[in-house]
**Q** 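A single structure is presented below for examination.
Computation of the quantities below employed the complete heavy-atom set of this structure, encompassing side-chain atoms and omitting hydrogens, waters and symmetry-equivalent molecules. We number each residue from 1, following the sequence as shown. Just so you know, these numbers come straight off a predicted model, no measurement behind them.
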Amino acid sequence: GAILKGANLSSAILEGANLSDANLSKAILKGANLSNAKLIRANLRRVNLSNAILRRANLRWVNLSYANLNGANLSGAIMEGAIMEGVIED
């Protein structure tokens, strides 16, 4: 998968993107639109997803440890097997 570790993707339009197996650890995705995106097995450890849109995103087996999900929209997201240790939510 893609290596986007620490990337600043704030407000990015990634709707429907296939980011399966990507390394996005410590990336900044504040306000990004990831609706319908495939993030299967992606590394989202310590990612800032505050106010991001993840409607109907496929987050199977994703690592969201210590991620910031404040204000994130996860409606309809598939979270089977997701690692959620230390997640920050409002």
**Q** Any heavy-atom pair between the side chains of I28 and V47 that's under 4.5 Å?
**A**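 Answer no - side chains too far apart.
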
**Q** Is L39 reachable from I53 through a run of I, L, V, M, F, W or Y residues, each pair having side-chain heavy atoms under 4.5 Å apart?
**A**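 Different hydrophobic clusters.
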
**Q** With side chains defined as the heavy atoms from C-beta onward, is the minimum distance between L34 and L19 less than 4.5 Å?
**A**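 A side-chain contact under 4.5 Å exists here.
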
**Q** Report yes if the side chains of R60 and K38 come closer than 4.5 Å at any heavy-atom pair, otherwise no.
**A**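 No, too far: nothing below the 4.5 Å cut-off.
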
**Q** Taking G71's backbone N and O only, do any of them form a donor-acceptor pair with D90's side chain (distance below 3.5 Å, no angle check)?
**A** yes

**Q** With side-chain contact (heavy atoms from CB on, under 4.5 Å) as the criterion, how do S25 and R46 come out once you've worked through the C-alpha distance, each side chain's angles and the decisive distance to 0.1 Å?
**A** CA-CA 6 Å; S25 61; R46 298 193 186 277; 6.0 Å; no

**Q** Determine, stepwise, if the pair L64 / M79 fulfils side-chain contact (heavy atoms from CB on, under 4.5 Å).
**A** CA-CA 10 Å; L64 280 162; M79 306 284 294; 4.0 Å; yes

**Q** Applying side chain to side chain contact (heavy atoms under 4.5 Å, CB included) between L29 and each of N51, N68, L49, L4, report the one that passes.
**A** L49

**Q** What is the distance from atom CG of N43 to atom CG of D21, rounded to the nearest 0.5 Å?
**A** 10.5 Å

**Q** Between R45 and N63, do the side chains contain an N or O donor and an N or O acceptor separated by less than 3.5 Å?
**A**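 Note: R45 and N63 side chains miss the donor-acceptor criterion.
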
**Q** Can you check whether L24 reaches L9 side chain to side chain, under 4.5 Å on heavy atoms?
**A** yes

**Q** On a heavy-atom basis, which atom in N70 and which in E89 lie closest, and how many Å separate them?
**A** OD1-C, 2.9 Å

**Q** Spell out, yes or no, whether W61 and M84 are grouped together once hydrophobic residues are joined by side-chain heavy atoms under 4.5 Å, including indirect joins.
**A** no

**Q** Looking only at heavy atoms, which two atoms of A72 and L54 are closest? And how far apart?
**A** CB-CD1, 4.4 Å

**Q** How long is the span from the CG atom in N33 to the CZ atom in R55, to the nearest 0.5 Å?
**A**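 One finds 6.5 Å between CG of N33 and CZ of R55.
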
**Q** Any heavy-atom pair between the side chains of V87 and Y66 that's under 4.5 Å?
**A**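 Sidechains of V87 and Y66: no contact.
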
**Q** Atom CZ of R56 and atom CG of N73: how far apart are they, to the nearest 0.5 Å?
**A**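 Going from the CZ atom of R56 to the CG atom of N73 covers 9.0 Å.
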
**Q** So, taking the atom named CG in N58 and the one named CG in N36, what distance separates them when rounded to the nearest 0.5 Å?
**A** 10.0 Å

**Q** Count the heavy atoms of every other residue, nucleotide or ligand shown that sit under 6.0 Å from CD1 of I88, and state whether that count exceeds 12.
**A**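 Buried by this count: over 12 neighbours within 6.0 Å.
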
